[in-house]
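Worksheet: one structure, shown below.
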Amino acid sequence: MSRSGKISSITQYEPGIEYSNSAMNTIAQAYAMGDGVSVDKNDGSVELIKMLDSDDMLSYVCNEIIRLTREEGYRYRDIRVFCPDDDITNRLKGIMRLFKLDAFIDRKIVLDDTPVMRYVEILLELALHRYPIEDVLRLFRTGMVPVTSELTDYFENFCKAKNISYEDRIFDETKYSCDFNNGDKPFKMYINGKVIDNGGAYLAKSVLNRVLIPIRDVIDDIAKADTIAKKSVILMTHLDSLRHSVEALRNEYIDRGDTATASAIVRGYKELMSLLSSFASPSNDIEISLEQFCSLIKIDIRNKVIGTIPLTVDSIEIVNEASACYSPCKVLFMVGCNSSNFPHKSVSEGIMSNQELLQLNSGMANIELPDKVLTQSKAEFVRSAIILNLVSDKTYMFVLESELENSAMTFYREALGLDSIPGKIFKTPIYGLPEERRHDYLTSSIRPDIMKELLGLNASMSVSSLEKYNTCALKYMLDNVLKIRTRED
């Protein structure tokens, strides 16, 4: 198996979409299967393009989208632009406005990664792991707990200084006292411009007694409850008491202009409350352990996602890795993809390198240590294979002159029998230049023979048609003779 691995079988076909045996589909399936492939002739379904400048590349994409919609019968909603680079995505929005293209950025957010879900997940795991200080701090930093980030930092520093790491010491109030007579060094804090000499006592009052002990009481109640329904009612009651924290988080993200995350926070809270409400029914009086209850909630909420709703039905979709795997498209433009971000991103190996893990695994019987790099690499490869196999008609792959082509592009290039990526020159239009019209509206006219063909020999006109003609002859010609209509979304 290669670094990225391969998929043993793949179902490319999506209901309602017709896939052809084009060069693109042949190469995409071979890429997913990890097989070598050679295409005798490119039927135009794959275009590999190298360009000098990113703005020119994005302008070419916009120009090609216009050509596809005007000449090949595509709608904007048939077209997807995939870009894993946020900087290029932001520039793409500006250039699309220059070309008067409607687009929306679909940034799907996994509800499992919202503050409410992180809070519940950590909350239920605290008792299972004996309240490790790392998890307690993660709970504080979800934003769902009435402890400021400044106070969280002080609490972390205090616990490190006093060697407080697990439940028995965290909830021992004597660990927060300071005996100055025995030479204990005071733990000073600066809160709201005031100096607090006995920081331990302040933390015991504001963090331990006000926050941690009530949280422990909730966790203990959930652990003591023996059925799914009873555990759900207790957790639902606790979350209902945190509604003001959810609203405060929502307002904070709205003030930042991040309405998508704000919506996801509220949606995650509602989804979780709905889930717990369904679990609280009498039919769920089934015995369950705390660990099983925690897994039940995580599994149910993990695959729920929230996406962006486009303002217009017919608009171009701009996606990243997280949102490109959920629906098919007819045409795919891949921009900003290079060897550093697609299909594989760089990842820290951790304490031990990949080679060291392999050596250690070889000397251990029936034990295999997890390889973070390999696991992520396989996941990224599968995602890239799905993205490429969701296209039905045509794929455009771009690379800049200053960048190295990614491995997926190399696979496509070799399958097409190309030694290098062909270059293309296209210049971005400059803002402010006067429009160049193809016709002079003062002198242009339609030839009489064409008008006769359009009108026919037996032209009949109603009274309303004559009134429309007298009001505006041009509008009458456009509506009644040429029959030009504004395209509906």
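Heavy atoms only: backbone and side chains are in, while hydrogens, waters and symmetry mates are out.
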Exercise for the section: Taking atom types as modelled, find out whether Arg267 and Thr114 have a side-chain donor-acceptor pair closer than 3.5 angstrom. Expected result: no
Problem - Donor-acceptor contact present, side-chain Ser274 to main-chain Lys270, <3.5 Å - result: no
Handout entry: Asp314 side chain to Arg75 backbone, donor-acceptor under 3.5 Å
Key = no
Practice task
Could you tell me whether the side chain of Val39 reaches within less than 4.5 Å of the side chain of Val46, counting heavy atoms only?
Solution key: no
Practice task
Using modelled atom types only, decide if a donor and an acceptor are shared between the side chain of Asn251 and the backbone of Glu247 within a distance under 3.5 Å.
Solution key: yes
Practice task
Look up atom CG in Asn389 and atom SG in Cys325, then write down how far apart they are to the nearest 0.5 Å.
Solution key: 11.0 Å
Handout entry: Residue pairs involving residues 36-46 (criterion salt bridge (charged side-chain N to carboxylate O under 4.0 Å, His left out); sequence neighbours excluded)
Key = none
Problem - Side-chain heavy-atom pair Val81, Met96 within 4.5 angstrom cut-off - result: yes
Practice task
Would you indicate whether the side-chain heavy atoms of Tyr31 and Pro343 approach each other to under 4.5 Å?
Solution key: yes
Practice task
Find out whether Leu388 and Met334 are in side-chain contact, i.e. whether some heavy atom of one side chain is under 4.5 Å from a heavy atom of the other.
Solution key: yes
Practice task
Give the C-alpha distance, both sets of side-chain angles, the deciding distance and a yes or no for salt bridge (charged side-chain N to carboxylate O under 4.0 Å, His left out) between Arg118 and Glu121.
Solution key: CA-CA 5 Å; Arg118 287 200 301 269; Glu121 186 175 324; over 6 Å; no
Problem - Nearest-0.5 Å distance that lies between atom CD1 in Ile386 and atom CD in Glu321 - result: 13.0 Å
Problem - Over 12 non-hydrogen atoms of neighbours within 6.0 angstrom of CZ in Arg256 - result: yes
Practice task
State, yes or no, whether a side-chain contact exists between Glu403 and Ser340 at a heavy-atom distance under 4.5 Å.
Solution key: no
Completion exercise
NZ (Lys475) and NZ (Lys468) are apart, to the nearest 0.5 Å, by 6.0 Å
Problem - Greater than 12 external heavy atoms within 6.0 Å of Leu404's CG - result: no
Exercise for the section: Determine, for Glu125 against Lys298, whether the closest basic-nitrogen to carboxylate-oxygen distance falls under 4.0 angstrom. Expected result: yes
Problem - CD1 (Ile484) with more than 12 external heavy atoms under 6.0 Å - result: yes
Handout entry: Test item: Asp393 side-chain N/O and Val331 main-chain N/O as donor-acceptor pair under 3.5 Å
Key = no
Fill in the blank from the handout: Hits for side chain to side chain contact (heavy atoms under 4.5 Å, CB included) against Glu414, two or more places apart or cross-chain, chain-then-number order -> Thr410
Completion exercise
So the salt bridge (charged side-chain N to carboxylate O under 4.0 Å, His left out) pairs with at least one residue in residues 132-142 (sequence neighbours excluded) are Asp135-Arg138, Arg141-Asp153, Arg141-Glu156
Problem - Residue pair Tyr326, Val319: steps toward the side chain to side chain contact (heavy atoms under 4.5 Å, CB included) verdict - result: CA-CA 11 Å; Tyr326 294 94; Val319 298; over 6 Å; no
Exercise for the section: Check whether more than 12 heavy atoms from other residues, nucleotides or ligands sit under 6.0 Å from atom OH of Tyr476, and answer yes or no. Expected result: yes
Exercise for the section: Find the distance between CG (Leu276) and CG (Asp300) and round it off to the nearest 0.5 Å. Expected result: 9.5 Å
Problem - side chain to side chain contact (heavy atoms under 4.5 Å, CB included) between Ser420 and Lys50, worked out - result: CA-CA 9 Å; Ser420 60; Lys50 179 178 288 186; 5.7 Å; no
Problem - Heavy-atom side-chain contact between Asp56 and Lys424 under 4.5 Å - result: no
Problem - NZ/NE/NH1/NH2 to OD/OE distance under 4.0 Å, Arg77 and Glu317 - result: no
Practice task
Ignoring hydrogens and angles, tell me if any N or O in the side chain of Thr471 forms a donor-acceptor pair with the backbone of Glu467 under 3.5 Å.
Solution key: yes
Exercise for the section: Check whether any side-chain heavy atom of Ile27 sits under 4.5 Å from a side-chain heavy atom of Leu416, and report yes or no. Expected result: yes
Handout entry: Distance (rounded to the nearest 0.5 Å) between Phe398 CZ and Leu58 CG
Key = 9.0 Å
Problem - Between Ser323 and Asn320, a side-chain donor and acceptor under 3.5 Å - result: yes
Problem - Leu242 side chain near Tyr269 side chain, heavy-atom distance below 4.5 Å - result: no
Problem - Between CZ on residue Arg70 and CD1 on residue Ile65, distance to nearest 0.5 Å - result: 12.5 Å
